[in-house]
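Worksheet: the structure to be examined is printed underneath.
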Amino acid sequence: MRGYFITFEGGEGSGKSTQAQLLYYWFKDNGHEAILTREPGGTELAEKLRDIVVKGNKQLNVYTEMLMFMTARSDHWHNCIKPALDAGNIVICDRFQDSTFVYQCICENCDIHLVNCIYEKITGNMHPDCTFIIDIDPVVGLQRSFSKENNTDLRFESKALDFHKSVRAGYLSIAKSSERYQIIDGSRSVPEVQKAIINKLNLNT
Ligand code: TYD
């Protein structure tokens, strides 16, 4: 039996990590087996790659960057996400392939066919069952991100506002391509956003 795969996506400071965590506890409280994980990260190897790719302000070629995200994803998929889904669990993941599609392909012109091809080889083209896109004005999101205490993962935040505007537009455009996407207005309070997410969940809980 296959589990249920939920991903959270959105720009910087959208509140998606908070919402992913709240949803995880909501499932637990309602008696469901769930795991909470993140990208880049989720395994020892992928967390090491995360440190390289999201911290500091190093300049990386977009293909170097994309291949690091995909390498991390491959390890995470095979050693964490797939085994959990195969065991029938609910998997909640903070960012996944849509981040690569939006950040590297739409915003940085990385070859989409190449990225899709690598993704297919890694996952057999399995996609999340449900993806919440937490939508926020990047000006507000960046303010939230920079005011977070001890936030050292700021490599992407440091990019120009135009980059973040195209991230937002990218997410809103991909949302039209499949019914698995749910756009959630992230400008509301944390409990209001959580309520909207639970209401949209297409699960018999
Ligand atoms: P994350 O820590 O989730 O950022 P935040 O907490 O600000 O949402 O992810 C780190 C950064 O990595 C984020 O700015 C987006 C970027 N990223 C990509 O560009 N491509 C990817 O495939 C992934 C997974 C993340």
Side-chain angles (χ1 to χ4, degrees), residues 5-24 36-43 45-77 80-81 91-112 114-116 118-119 122-123 127-128 131-171 174 184 186 190 193:
F5 187 21
I6 301 169
T7 56
F8 278 81
E9 296 282 353
E12 315 307 317
S14 60
K16 64 183 176 40
S17 307
T18 303
Q19 292 300 332
Q21 207 167 38
L22 287 172
L23 186 61
Y24 167 75
L36 175 63
T37 186
R38 68 173 180 179
E39 290 212 348
T43 64
L45 174 78
E47 289 290 334
K48 283 186 182 154
L49 286 166
R50 177 188 178 90
D51 280 348
I52 298 170
V53 80
V54 308
K55 288 189 198 302
N57 59 1
K58 57 189 96 54
Q59 291 294 315
L60 295 174
N61 172 274
V62 67
Y63 284 91
T64 310
E65 199 169 66
M66 178 275 283
L67 288 166
M68 281 202 274
F69 284 121
M70 297 308 282
T71 305
R73 182 159 305 127
S74 180
D75 197 58
H76 188 210
W77 176 261
C80 174
I81 298 175
V91 175
I92 301 166
C93 190
D94 185 353
R95 294 197 184 279
F96 192 60
Q97 175 73 3
D98 292 315
S99 286
T100 309
F101 192 86
V102 170
Y103 282 75
Q104 280 69 53
C105 298
I106 295 182
C107 299
E108 304 268 26
N109 290 319
C110 194
D111 184 339
I112 179 76
L114 175 63
V115 170
N116 281 342
I118 298 171
Y119 182 74
I122 293 170
T123 63
H127 291 279
T131 296
F132 291 107
I133 295 173
I134 314 294
D135 180 54
I136 189 97
D137 179 338
V139 174
V140 177
L142 288 168
Q143 268 167 3
R144 285 184 185 173
S145 246
F146 282 114
S147 63
K148 225 190 285 172
E149 259 178 62
N150 302 322
N151 190 2
T152 53
D153 301 352
L154 292 171
R155 198 175 143 253
F156 281 85
E157 276 85 343
S158 311
K159 289 181 187 274
L161 182 60
D162 277 352
F163 177 86
H164 298 287
K165 285 184 176 168
S166 46
V167 166
R168 184 186 198 189
Y171 275 120
I174 65 166
I184 304 287
V190 169
V193 175

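Just follow the structure's listing: the first ligand is 1, and inside any ligand the first atom is 1. Quick note: residue numbers are just sequence positions, from 1.
The option from Tyr103, Phe8, Phe156, Phe163 that lies nearest to atom 12 (O) of ligand 1, judged by heavy atoms, is Phe156.
Contacts of Thr100 with ligand 1, taken as heavy-atom pairs under 4.0 Å, involve both backbone and side chain. Under 4.0 Å from ligand 1, the heavy atoms of Arg73 that appear belong solely to its side chain. Contacts between Glu157 and ligand 1, counted as non-hydrogen atom pairs separated by less than 4.0 Å, involve the side chain only. Residue contacts with ligand 1 for Gln104 involve side-chain atoms from C-beta outward but no N, CA, C or O (heavy atoms, distance under 4.0 Å).
A distance of 12.5 Å separates CD1 of Ile136 from CD1 of Ile184, quoted to the nearest 0.5 Å. Here CE of Met70 is found 5.5 Å from CD1 of Ile118. Values are rounded to the nearest 0.5 Å. Note that the CD atom of Glu9 and the OG atom of Ser14 stand 9.5 Å from one another [nearest 0.5 Å].
A 4.5 Å side-chain heavy-atom check between Arg73 and Thr100 finds at least one atom pair inside the cut-off.
Partner Asp94 forms a salt bridge (Lys or Arg N to Asp or Glu O under 4.0 Å) with one of Lys16, Arg50, Arg38 and no other, that one being Lys16.
Ring pair Tyr103/Phe69: centre-to-centre distance not below 6.0 Å.
Every atom of ligand 1 with a heavy atom of Arg50 under 4.0 Å away is listed here by number and element: 1 (P), 2 (O). Heavy-atom contacts of Glu39 reach the following atoms of ligand 1: 24 (C) (cutoff under 4.0 Å). Ligand-side atoms of ligand 1 in range of Val54: 10 (C), 11 (C), 12 (O), range being under 4.0 angstrom from any heavy atom. The ligand atoms of ligand 1 that sit less than 4.0 angstrom from a heavy atom of Pro40 are 24 (C), 25 (C). Using a 4.0 Å cut-off to heavy atoms of Glu12, the atoms of ligand 1 that qualify are 4 (O), 5 (P), 7 (O), 13 (C), 14 (O).
Ligand 1 has no nitrogen or oxygen under 3.5 angstrom from a nitrogen or oxygen of Lys148. Backbone and side-chain nitrogen or oxygen atoms of Asp94 are examined, and none is located within less than 3.5 angstrom of a nitrogen or oxygen of ligand 1.
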Test side-chain contact (heavy atoms from CB on, under 4.5 Å) applied to Leu142 and Leu161, step by step: CA-CA 9 Å; Leu142 288 168; Leu161 182 60; 4.0 Å; yes
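Between Lys159 and Glu108 there is a salt bridge, with a side-chain nitrogen of the basic residue lying less than 4.0 Å from a carboxylate oxygen of the acidic one.
Counting only heavy atoms of the protein, atom 1 (P) of ligand 1 lies nearest to Arg95 NE, 3.6 Å. Looking only at protein heavy atoms, the nearest one to atom 25 (C) of ligand 1 is Phe69 CE2, 3.4 Å. From the protein, the heavy atom lying nearest to atom 6 (O) of ligand 1 is Lys16 NZ, 4.0 Å.
Side-chain contact annotation: Glu157 with Ser145, donor-acceptor N/O pair under 3.5 Å present.
Relative ring orientation between Phe96 and Tyr119 is described as perpendicular, the plane-to-plane angle rising above 60° on a 0-90° scale split at 30° and 60°.
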